[in-house]
Amino acid sequence: QQQFVESGGGLVQPGGSLRLSCAASGFTVNALTIGWFRQAPGKEREGVLCISRWGGVTYYEDSVKGRFSISRDDAKNTVYLQMNSLKPEDTAVYYCAIRRFGCSQNVGYQYWGQGTQVTVSS
């Protein structure tokens with residue numbers, strides 16, 4: 001079945017770093033637009049970052065600019081979310097999903113993964 005599997009979450013101190021992975025099955029990531037989303041406790045899921053099928057990057061969330069980055073490894077068929085300078089407000093379940101065409105909107109995503117928990121706390 002076509003799916004994404006997120007991994008790499010965990011408990012980190014404020015200011016720490018994590019690298020999340022989104023491994024694709026039944027897709028080729030360099031032919032897809034892939035977004036990272038997060039959902040904090042009691043809040044609606046929100047878009048974080050997107051990398052388009054053409055390689056362009058879009059930040060959906062201003063608060064992560066300069067701290068988070070997105071990349072893909074074609075050989076591993078995996079997309080990564082590098083998170084630096086983590087803050088308690090980054091605590092959430094992080095998901096990846098695909099969208100047809102580009103990153104211009106944070107809606108219309110499909111084939112959501114199961115999510116990986118990121119907790120930032122001292």
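It should be emphasised that the depicted structure is a prediction, and the values quoted were computed from it without experimental measurement. The basis for the numbers below is simple: all heavy atoms, side chains too, and nothing from hydrogens, waters or symmetry mates.
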Are Phe68 and Trp36, when compared by the centres of their aromatic rings, separated by less than 6.0 Å?
no

Flag yes if Ile70 and Tyr59 sit in one hydrophobic cluster, no otherwise; membership is Ile, Leu, Val, Met, Phe, Trp, Tyr, and two members link when side-chain heavy atoms are under 4.5 Å apart.
yes

Taking 4.0 angstrom as the limit, do Asp90 and Lys87 come out as a salt bridge?
no

Looking at side-chain heavy atoms only, is the closest gap between Arg45 and Tyr109 below 4.5 Å?
no

Are the side chain of Gln117 and the backbone N or O of Gly9 linked by a donor-acceptor pair below 3.5 Å?
no

Could you see if Val57 belongs to whatever hydrophobic cluster contains Val79? Use Ile, Leu, Val, Met, Phe, Trp, Tyr and a side-chain cutoff under 4.5 Å.
yes

Aromatic ring proximity, centroids under 6.0 angstrom, Tyr111 and Phe27:
yes

Short side-chain to backbone donor-acceptor contact, Gln105 and Val107, under 3.5 Å
no

Using atom types as modelled and distance alone, determine if a side-chain donor or acceptor of Asp74 lies under 3.5 Å from a backbone N or O of Val29.
no

Assigning hydrophobic clusters by single linkage (Ile, Leu, Val, Met, Phe, Trp, Tyr; side-chain heavy-atom cutoff under 4.5 Å), is Tyr80 placed with Met83?
no

Tell me the side chain to side chain donor-acceptor pair (under 3.5 Å) pairs involving residues 47-58, sequence neighbours left out?
none

Verify the cluster assignment for Val12 and Val48: are they in a single hydrophobic cluster under the rule of side-chain heavy atoms below 4.5 Å apart?
yes

Do Phe4 and Ile34 have side chains that get closer than 4.5 Å, going by heavy atoms?
yes

Check for a donor-acceptor pair, side chain of Glu6 on one end and backbone N or O of Gln114 on the other, with a separation under 3.5 Å.
yes

